[in-house]
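Encoded as structure tokens, the structure appears first; notes follow it.
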Amino acid sequence: MQTPQQQNLFDEPAVRAARILIDGASDLVFDYAIPPGMEGILPGCRVEIPLRHHTATGTVLEITEPQDTWAGSLKPIRRLIAPEPLISAPLMDMARWASQYYAAPIEQFIRCIVPEPVRQEKHSEKTHKVVRLLSKPSQEEETRLNKRAPRQASILHLLTESPDRTLTLKELGGTAALTPCRALEKQGYLTITEEEEHRDPSAGEDYLPTSALKLNEEQEQALKAVVADIEHADKKPILLQGVTGSGKTEVYLQAVEHTVRQGKSALILVPEISLTPQTLQRFKSRFSSLPGSVAILHSSLSDGERFDEWHSIREGTARIAIGPRSAVFAPLKNLGLIIVDEEHDGSYKQESAPRYQGRDLAVLRAKLEGATVVLGSATPSLETLHNARTGKYATLRLDRRADGQTLPLIRILDMRTEAKDKKYAGVLSERLRMAIDKRLARGEQTILLLNRRGFARSLQCPDCGHNVTCAHCALPLTYHITEDRLICHLCGYRAIVPRECPECRSSNILLQGFGTQKVEAILNRAFPQARLQRIDADISRRKNAVRDILGQFRARKLDILLGTQMIAKGLDFPGVTLVGVLNADLGLCIPDLRASERTFQLLTQVAGRAGRGDLDGEVIIQTFTPHAAAIQFARRHDTDGFADQELDLRRQFEHPPYVHLAVLTLRSTKEELAEYSMHTLYRRLVKNLPPDILVSEPAPAPIPKAYGQYRFQSTIKSHSARRIATCVSQEIAAMNAGDDIIITLDIDAYSFM
């Protein structure tokens with residue numbers, strides 16, 4: 001028989017614990033006991049916990065099963081910050097799935113879902129003082145105030161003139177107006193209150209309301225199919241394949257309108273931050289009258305703006321969220337529709353930890369939340385096309401332009417036969433120069449694409465052949481004329497331009513190649529009357545610079561827009577009738593299985609910027625390899641033909657999308673150690689991995705040194721990405737590499753450099 005003490009002991013509930021990610025730079029995860037009264041705590045909740053000798057905050061990752069060994073050994077959670085989880089159940093499920101699939105700690109995905117400004121709570125709601133008029137003074141009182149307190153009289157006059165009899169303290173003159181306002185409050189004329197101020201990233205922008213456009217037959221059919229999927233329980237991802245200018249955006253807008261009217265929310269992903277202002281303008285203009293505002297999420301927001309936008313999305317104030325790949329984690333509730341615009345774009349792949357593919361996570365999130373996902377592109381990725389052709393995705397097509405215009409005529413110019421004109425340094429062909437002249441004379445606009453920034457790609461000595469390279473990377477330094485510095489485009493290292501060769505001391509050292517800065521200088525000489533602007537990564541560092549330049553171009557205040565791939569997609573300028581591509585071969589000359597696919601997509605996309613208005617468009621592509629498949633298929637706007645040929649090659653060589661491909665990279669500051677460790681790991685993998693996972697022999701990475709570290713790689717193939725992640729991660733952990741070694745595993749890799 002049990003004693004009363006034994007009976008009480010066995011009746012006590014077992015101690016439950018919560019695994020908590022501690023806020024901070026490092027991924028600290030600790031277990032804490034759940035005290036009485038907090039039994040309802042859930043994954044995703046924010047808590048306050050004891051940490052060493054101070055208090056910290058964290059996010060609950062999971063509730064662990066009761067274990068007797070925990071009794072008395074775990075510190076209890078101090079406080080539940082809010083009863084409702086900050087992370088919804090579908091987002092927690094997505095984080096767990098992504099953690100396993102991409103072989104990354106779940107903590108890294110939690111930090112993506114809850115951005116740092118939200119975790120820190122330093123940027124909590126900003127308030128401001130609002131002054132409201134309660135009663136208007138009589139004429140006699142107004143005369144008295146004018147004589148005795150003119151500042152008070154002025155404030156009353158401003159409030160009287162205000163349409164809603166309300167102004168902020170800032171509008172009344174700032175803190176200097178506080179004392180007279182308090183005096184007027186005592187007299188009963190007005191009241192001063194504290195109100196929350198939303199830090200709006202697009203504050204000050206005017207959005208003129210727009211209405212839905214009339215759809216053509218193809219658009220109408222596409223919209224009906226998307227709406228049917230939104231309302232249907234059994235959903236399938238949708239590929240919306242439409243030629244450039246076919247009106248995909250209008251289909252998006254009307255599909256989002258249907259979603260919002262159904263009381264649901266919508267997420268719109270764009271590949272580049274530079275495209276966000278244009279997309280935001282279209283959606284803000286269209287949905288200004290609908291309930292629920294439009295919010296944006298991207299890395300260029302201030303901490304305060306990101307805090308407010310994130311909470312407006314989570315609280316349902318904003319029912320439409322727009323942003324690049326990181327916006328796939330936006331805390332939208334009752335999600336009904338996800339749109340991935342330009343789904344083929346490589347920018348959706350995160351190249352730093354956690355290395356996720358935003359497009360694929362969008363498809364996963366739609367499945368977890370029962371939402372419709374639309375993947376839109378004129379040049380779909382081969383992975384998406386393969387999924388569509390095998391029946392995993394539904395396909396909708398828009399094969400003609402919405403305005404009835406024909407696709408632009410594309411001319412291929414073989415630069416091998418072009419006369420070597422020193423005046424334009426082989427940059428600008430005579431044919432392209434004359435075409436630009438013609439557009440300037442007619443008041444039409446031109447876009448020029450060169451996917452290389454800077455002035456000259458390298459500094460080389462013709463006497464000994466020495467290239468000036470980065471001190472930390474195995475890359476030539478690029479000369480930037482605006483800074484008069486040599487800059488590494490990988491790590492950002494800067495160096496003064498030497499006046500003689502560092503190796504042989506020859507003074508004949510020369511700049512080789514050209515970038516957007518050099519082309520800008522040549523264009524200014526060739527067309528001094530033209531209004532020209534350049535857009536590249538150097539320009540985009542200035543806040544709102546890209547938005548302002550694109551606004552000027554749209555308003556016809558610029559004649560020529562020169563830029564890198566940032567200007568090749570998603571932009572709609574009816575005044576553009578000419579597109580020129582300088583050195584179209586750049587993307588073909590890199591060791592990457594997707595080089596041809598990327599080149600085809602880039603050329604087709606930038607060509608699509610021409611002829612989107614009432615006038616026909618023309619495209620001139622300057623190339624040294626005119627017979628390359630990517631260039632020839634782009635000339636004919638033949639996406640299906642290119643896909644057929646490229647997919648056949650991928651099938652023969654067992655490349656994605658027929659297998660999953662991961663890149664295993666090992667790096668160290670010591671070259672011999674990096675090489676030895678890579679070969680050691682390779683031998684472990686070959687010995688222990690199952691036969692369905694194939695590992696290539698180790699080799700130096702295409703860029704063998706970066707950020708001061710030597711890099712060696714192996715590629716890993718399998719029909720199951722999860723098997724790669726699980727099996728290879730186990731071998732990496734078992735190897736127990738030292739602190740001098742860093743190993744990364746990139747599942748479904750997009751970069752091999």
Side-chain angles (χ1 to χ4, degrees), residues 242-250 274-275 278 342 344-345 377-379 398-413 428-429 431-451 516 519 523 527 530-535 549-550 552-584 587 599-623 626 630-639 642:
V243 298
T244 54
S246 59
K248 294 186 291 296
T249 302
E250 186 60 30
S274 61
L275 293 179
Q278 176 176 271
E342 309 293 358
H344 66 276
D345 199 281
S377 177
T379 54
L398 304 175
D399 291 323
R400 55 193 176 90
R401 286 192 154 181
D403 55 9
Q405 286 290 97
T406 57
L407 290 167
L409 173 66
I410 299 180
R411 305 181 189 277
I412 306 298
L413 189 60
L428 203 60
S429 65
R431 186 165 199 166
L432 181 55
R433 188 193 65 77
M434 292 174 63
I436 295 172
D437 250 337
K438 189 185 298 183
R439 268 63 185 189
L440 290 172
R442 298 199 303 228
E444 297 166 10
Q445 293 176 295
T446 299
I447 286 178
L448 296 177
L449 170 73
L450 174 64
N451 205 17
T516 50
V519 175
L523 291 171
F527 311 105
R531 298 167 296 176
L532 166 69
Q533 266 291 358
R534 168 172 58 91
I535 291 182
I549 292 171
L550 294 179
Q552 292 173 16
F553 196 65
R554 186 175 295 106
R556 304 286 189 99
K557 294 179 180 178
L558 298 174
D559 302 309
I560 302 174
L561 185 65
L562 165 68
T564 56
Q565 51 85 27
M566 298 169 68
I567 64 169
K569 50 207 169 191
L571 301 176
D572 187 2
F573 300 117
V576 174
T577 58
L578 174 66
V579 167
V581 181
L582 312 178
N583 202 349
T599 300
F600 170 78
Q601 290 166 342
L602 183 63
L603 295 179
T604 304
Q605 290 287 338
V606 75
R609 302 313 111 199
R612 296 171 78 100
D614 297 330
L615 302 173
D616 290 337
E618 180 184 8
V619 181
I620 297 176
I621 297 177
Q622 297 184 169
T623 176
I631 293 174
Q632 286 299 320
F633 280 113
R635 182 178 68 83
R636 300 194 295 270
H637 304 279
D638 188 1
T639 299
F642 175 80

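- Applying side-chain contact (heavy atoms from CB on, under 4.5 Å) to Gln601 and the options Val606, Thr639, Thr379 leaves one that passes, Thr379.
- Of the possible donor and acceptor atoms, one in the side chain of Arg531 sits under 3.5 Å from a partner among the backbone N and O of Arg556.
- Going from atom OG1 of Thr623 over to atom CD1 of Ile631 covers 3.5 Å, rounded to the nearest 0.5 Å.
- Arg554 places no side-chain N or O within 3.5 Å of a backbone atom of Phe573 that could act as its donor or acceptor partner.
- Listed by chain and number, the residues in a side chain to side chain contact (heavy atoms under 4.5 Å, CB included) with Leu409 are Arg411 (sequence neighbours excluded).
- In this structure, OG1 in Thr249 is found 7.5 Å from CG in Asp572, a value given to the nearest 0.5 Å.
- Counting heavy atoms from C-beta on, the side chains of Leu428 and Leu523 come closer than 4.5 Å.
- Here the shortest heavy-atom pairing between Ser429 and Leu413 reads OG-CD2, 2.9 Å.
- In terms of heavy atoms, Gly563 sits closest to Thr516 at C-CG2, 4.4 Å.
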Exercise. ring-ring contact (aromatic ring centres under 6.0 Å, His included) between Phe633 and Phe600: does it pass, once the steps are laid out?
Worked result: CA-CA 7 Å; Phe633 280 113; Phe600 170 78; 7.1 Å; no
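- Shown here for Arg635 and Ile410, the closest heavy-atom pair between the two residues is CG-O, 3.6 Å.
- Scanning all heavy atoms of the two residues, the minimum distance from Leu398 to Gly247 falls at CD1-C, 4.4 Å.
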Exercise. Between Lys248 and Ser377, does a side-chain contact (heavy atoms from CB on, under 4.5 Å) hold up when you go through it step by step?
Worked result: CA-CA 8 Å; Lys248 294 186 291 296; Ser377 177; 5.8 Å; no
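- Once rounded to the nearest 0.5 Å, the distance linking CG of Leu582 with CG of Leu449 reads 7.5 Å.
- Nearest approach of Ile412 to Pro626, heavy atoms of both residues: CG2-CB, 3.8 Å.
- With values rounded to the nearest 0.5 angstrom, Leu558 atom CG is found 5.0 Å from Gln552 atom CD.
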For this session: Applying side-chain contact (heavy atoms from CB on, under 4.5 Å), run through Gln445 and Phe553 and close with a yes or a no.
Result: CA-CA 9 Å; Gln445 293 176 295; Phe553 196 65; 3.4 Å; yes
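- Ile620 contributes atom CD1, which lies 11.5 Å from atom CZ of Arg433 (distance to the nearest 0.5 angstrom).
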Problem set entry | side-chain contact (heavy atoms from CB on, under 4.5 Å) evaluation trace for Arg439 with Thr577 | CA-CA 8 Å; Arg439 268 63 185 189; Thr577 58; 3.3 Å; yes
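- Within the model, atoms CZ of Phe527 and CD1 of Ile560 stand 5.5 Å from one another, a figure rounded to the nearest 0.5 Å.
- The closest donor-acceptor contact from the side chain of His637 to the backbone of Pro408 lies under 3.5 Å.
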For this session: Please lay out, stage by stage, how Arg401 and Leu407 fare under the test side-chain contact (heavy atoms from CB on, under 4.5 Å).
Result: CA-CA 8 Å; Arg401 286 192 154 181; Leu407 290 167; 3.6 Å; yes
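- Listed here is the closest heavy atom pair of Ala584 and Leu603: CB-CD2, 4.0 Å.
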